[in-house]
Amino acid sequence: MNDASMKEPKEIDKIRAAVLSWYDAERRELPWRSAPGHDADPYAVWMSEIMLQQTTVATVKAYFEAFMVKWPTVSDLASADLDDVLVAWQGLGYYARARNLLKCARTVADTHAGAFPDTVDALLKLPGVGPYTASAVAAIAYNRPTVPVDGNIERVVSRLFNIRTPLPGAKPEIQTCASLFADSERPGDFAQAVMDMGATICVPKNPKCMLCPVQEYCDGRKMGDPSVLPVKAPKKVRPERRAAMFWLENANGAVLLRRRAESGLLGGMMEFPSTDWREGDWPDSEECESAEPISTEWICLPDEAVHVFTHFKFRIQVFVGKTDRIENTDGIWVQPQDFPNYALPTVMKKVVRHVVTHRE
Ligand code: SF4
C-alpha cells in the first residue's frame with residue numbers, strides 16, 4: 001500500500017458511517033434487494049450477481065424478474081432443462097454463466113438441501129462462483145464481514161485512497177483498502193452502498209463530488225482530478241478471427257442449425273455450420289469445401305457479419321445454399337420464425353440479420 005492510501009482507523013469509521021447514512025436515505029430500489037429491515041434472499045442475491053457480471057443493471061432487471069417468475073426457488077431452477085435456461089438467458093451473453101447457473105443451482109439443491117452456503121469459502125466451491133460473487137453473497141445475504149470488489153467499488157476505493165497503480169496490477173491494493181471497511185456491523189449494506197455510490201455519484205466521467213457523502217475524506221479529490229482514477233493499463237489490440245459460415249435452406253424453407261460442443265466458447269448453444277474460427281487469413285476454398293454441410297451451389301453474400309467478443313473480433317463470410325435433401329446432415333432443421341425457441345447467441349442473430357439484409 002502506498003502512503004497516499006493509508007487512513008487512520010477513526011477516519012475509516014467516519015467514512016463507513018457517512019456511507020451507510022447516505023445509503024439509508026438514497027439506496028436504489030432494485031428487484032433483487034430486500035426491503036430495509038428484511039433479510040436478503042440468498043437465491044436472489046446470487047442470481048443477480050451472476051447476471052450483473054459484465055451486464056448493466058438496466059438490462060439485468062427484466063431478465064432477473066423473468067427468471068424469478070419462471071424459477072422462483074433454487075430447487076425450481078435445479079429442475080430446469082439447460083435449453084430452457086439458455087433460451088431465457090439469450091441477450092445476456094457470456095453463456096458459460098448460464099450453464100454454470102444451472103450447475104450451481106443443482107449443486108445447491110442436491111448437496112446443500114436447497115440452501116446456499118453462508119461463508120465465502122463454502123460459496124467458492126460452487127460452480128461459477130468466483131471470489132467476487134462469493135464475497136457479495138456472503139456479505140449481502142448473510143452479513144458476513146467481507147467487501148466484494150466490483151467495478152464500482154474498485155473505482156470508489158481507488159479514488160478515496162488515491163491509488164495510482166494501473167489496473168489490473170492495483171487490484172490487490174484496492175482489495176486491501178476495501179477490506180479495511182469489512183468489520184462493520186452492516187457489511188451487506190456497506191457493499192451495496194458503495195456499489196450505489198459508484199453507479200450514481202462516483203461515476204467514471206465527471207464524478208459528482210459535491211453530492212458525495214465522503215468528499216471530505218477523498219484523497220483522489222484532494223489530489224486534483226479524480227476522474228483519471230482508476231488508472232488503466234493501455235488496452236491490448238484485440239485479435240481477429242475469421243470463418244466462413246453456411247446458411248443452408250431446404251425445400252420447406254427450414255434452415256440447418258447445429259449444436260456447439262458443451263465446453264468452450266458458447267458451449268451448448270446453437271449455430272450455423274462453419275469452418276473453424278481462427279486467426280489469420282480467410283479460410284481458403286479447400287477449407288470451406290470441407291466445412292460445407294452439404295455439396296450444393298453456395299452463394300457468397302457481400303460484406304461480412306462482424307461480432308466483437310471480449311477477447312477477439314469475429315469476421316464472418318456468409319454463404320447461402322439450398323438443397324432438396326434433408327438427410328445426411330448433422331444438425332436440425334428449423335424454420336426461421338422458430339429461431340427464438342432455440343438458444344442462438346447474439347453472433348448467430350447477427351448472421352441471421354446479415355442474410356436477411358444481403359440476400360437477393
Ligand atoms: Fe468519488 Fe468524488 Fe466521492 Fe471521491 S469525492 S469518492 S471522487 S465522488
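No experiment lies behind these values; they were computed from the predicted model shown. Heads up: numbering here begins at 1 and tracks the sequence. Whatever order the structure lists them in is the order used to number ligands and atoms, beginning at 1. Just so you know, these numbers use all the heavy atoms, side chains as well, and skip hydrogens, waters and symmetry mates.
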Query raised in the report: Leaving waters out, which protein N, O or S atoms fall under 2.8 Å from atom 4 (Fe) of ligand 1?
Result: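 The answer is C218 SG.
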
Among all residues two or more places apart in sequence or in another chain, which pass the salt bridge (Lys or Arg N to Asp or Glu O under 4.0 Å) test with [X]?
{"X": "D189", "result": "R186"}
{"X": "D118", "result": "R144"}
{"X": "E292", "result": "none"}

**Report entry** Atoms in ligand 1 flagged as close to I201, the criterion being non-hydrogen separation under 4.0 Å
**Finding:**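 Near I201, meaning under 4.0 Å from one of its heavy atoms, ligand 1 has 8 (S).
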
Requested in this report: Would you kindly say whether D303 and H354 are connected by a side-chain donor-acceptor distance under 3.5 Å?
Outcome: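 On atom types as modelled, these side chains do not qualify, holding no pair under 3.5 Å.
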
Report task. Take L82 and R99 through the test side chain to side chain contact (heavy atoms under 4.5 Å, CB included) and record every step on the way to the result. Result -> CA-CA 7 Å; L82 176 61; R99 290 193 302 279; 3.9 Å; yes

Query raised in the report: Are Q192 and Y23 close enough that some pair of their side-chain heavy atoms sits under 4.5 Å apart?
Result: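 Counting from C-beta outward, Q192 and Y23 do come under 4.5 Å.
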
